[in-house]
2 protein chains.
Amino acid sequence: MATRARRSQRRTEALSRERIVEAAVELLDAAGEGGLTFRALTERLATGPGAIYWHVANKDELLDAATGAVVAAALSLDSTEPAELAEPAELAELAEPTEPVEPADRAESAQSPDSPQDKIRAIAFGLYDAIEDHPWLPTQLALQLSRSPWGSVTPRIFESIGRQVRALGVPEGHWFTAASALVHYILGATGQNAANNASARTLAPDVDRAEFLGAASKAWEGLDPDDYPFIRAVAAQMREHDDREQFLAGIDLVLTGITALHLPSEQDRTTPPAT
Amino acid sequence: MATRARRSQRRTEALSRERIVEAAVELLDAAGEGGLTFRALTERLATGPGAIYWHVANKDELLDAATGAVVAAALSLDSTEPAELAEPAELAELAEPTEPVEPADRAESAQSPDSPQDKIRAIAFGLYDAIEDHPWLPTQLALQLSRSPWGSVTPRIFESIGRQVRALGVPEGHWFTAASALVHYILGATGQNAANNASARTLAPDVDRAEFLGAASKAWEGLDPDDYPFIRAVAAQMREHDDREQFLAGIDLVLTGITALHLPSEQDRTTPPAT
DNA sequence: ACCTGAACACCGTTCAAGT
DNA sequence: ACCTGAACACCGTTCAAGT
């Protein structure tokens, strides 16, 4: 009874892997993890399931492709891999939220405007901002990680962070550690934030972040003070915090650790720190 | 045709939420995320689905309870919350892998044996070791996070880390940042490692980690050198790295960042650092 | 209060058949 | 080579009925 093929294809364009992945991303954006269904997909693309299975092996591969496409866009890459979206114009728009992404109004730092530190922050915020339009991203990243740990997406993130770690002057023996720490922090913080955003939307679609965080910290304040003294102590602090600021502070924390631990001076690259 | 109720209940113990959660953990451990099914559960518990639904609202709640039980055990807590396993003996054993968990043979550090730093490392390794028996844990943590960001599990981890952050002497204004950074790193690194373990087991059940890491770094070396110069450069380094050492190095990196950024000296707690 | 189990709606996937 | 669509196996969940 509902209208079939809600959005007719703009041209007589044949079905392609790119179009399928594009539709998958749209469904995920619109209705979350549960919104991507082969039936919803066939309706949207006006085909049968068999047609989709001719281009894509199964649902996991489709999810991986959707995840890879969004991450690639967030990292501003035009990759040659097959798991990419066809329309870079549309993806570029996705990576650009309402507010300016560029780290314009940032606290005064001692580095030059385009230092490796700044580039790391830019990469991190690229992913951070991508989850605003794609709240399903962190969960899917985790799922893909559990399916194939060194699939296509993780290496891409690792590579872009790693290059800046190298540019930072970290001795080669610590590249892996430093890059891993940064990537792990970014993925962890990004996931937490996606969850906050999603639940803020769910609880009250038109309520703003401040109100949601107030409610969340209220929930924290309701915890047993004997079991959760620390959380109760930071509840007020959480209510007032700004997510982006917090995210940046965490990155700078890791960057400081890398600098302090792996960039002592110019010599003693041969003697790694004690711990 | 298979034997029903493979493990008959030891006593005439009635069905309870605890028994259901326990069986859920066993199924997850045995067959992963896809292994937990209401049909498998009813077979194992020798009941019908309706009986389970009387004790548990739905599958998500069951997964959350299983996740919470394993995390609580890993943190060595006996919580009063309902989402816990009934048999602490069995859970205590789960938290204790074949090798000693206690940070006995660690690199020489400048802190006292039971410093907050050491306690943070112990908490982190508690979670780290838990995923050896429960590879599904990180993914489920991510899923629960996306379902209810400040559910029961995250606060528990946040609380135990946060207390040590406070004990570290971090000024109150930075508690949230410091604890968040640690938790995010731990969750991120833990997830990565669970993925590595799982895929190592999948690729070849009897092959050891070294061989698997060799294969993984081979895969890295197969990447396009133009697109992935950094990953290619660290591929060899990855082959030789020890996971636990790497995990610890990351934690120490964050700890160093916290110390350097938030513990400058005793005064100037009123003037936060520039960045 | 606690449990049973048939039944329902929905899902991913397959495959013989078309063009 | 590419697509169709009925059909299959399986899943989470419900609910009238039992004790």
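Keep in mind that what you see is a predicted model, and the values were worked out from it rather than measured. Every chain is numbered from 1 and lettered A, B, ... according to where its sequence line falls, protein lines coming before strand lines.
Atom C1' of nucleotide C/dC3 and atom CH2 of B/Trp54 are separated by 10 Å, given to the nearest angstrom. Atom CZ in B/Arg19 sits roughly 16 Å away from atom P in C/dC2 (whole-Å rounding). Rounded to a whole Å, the CD atom of B/Glu43 is 13 Å from the P atom of D/dC10. Spacing between atom CD1 of A/Ile52 and atom C1' of D/dC2 amounts to 14 Å, rounded to whole angstrom units.
Closest approach of B/Ala74 to B/Gly126, counting heavy atoms only: CB-O, 3.7 Å.
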Practice problem: Could you encode protein contacts along nucleotides 11-18 of chain C as a string, one character per nucleotide from 5' to 3', using B for base contact, S for sugar-phosphate-only contact and - for no contact, with a heavy-atom cut-off of under 4.0 Å? | Solution: BBBBB---
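For A/Ala124, the side-chain contact (heavy atoms from CB on, under 4.5 Å) partners at least two apart in sequence or on another chain are A/Ile186, A/Phe247, A/Ile251. A search for side-chain contact (heavy atoms from CB on, under 4.5 Å) contacts involving B/Ala31 returns nothing, not counting sequence neighbours. Contacts of B/Gln246 classified as side-chain contact (heavy atoms from CB on, under 4.5 Å), with partners at least two apart in sequence or in another chain: A/Phe176, A/Thr177, B/His241. Scanning for side-chain contact (heavy atoms from CB on, under 4.5 Å) contacts around A/Leu182 gives A/Ile120, A/Ile161, A/Val165, A/Val254, A/Leu255, A/Ile258, with sequence neighbours left out. Partners of B/Gln192 by side-chain hydrogen bond (donor to acceptor under 3.5 Å, both in side chains), not counting sequence neighbours: none found. Residues satisfying the side-chain hydrogen bond (donor to acceptor under 3.5 Å, both in side chains) test with A/Asn58, not counting sequence neighbours, are none.
Only the C1' atoms considered, C/dC8 is 12 Å distant from D/dC11, to the nearest whole Å.
Stems are defined here as 3 or more consecutive Watson-Crick or G-U wobble pairs with pairing distances under 3.5 Å; those involving DNA chain D are C:4-8 with D:12-16, C:12-16 with D:4-8.
The phosphate of C/dC3 (OP1 or OP2) has a side-chain N or O of B/His55 nearer than 4.0 angstrom.
The ring-ring contact (aromatic ring centres under 6.0 Å, His included) pairs that include a residue from residues 19-64 of chain A are A/Phe38-A/Tyr53, where partners are two or more places apart or lie in different chains.
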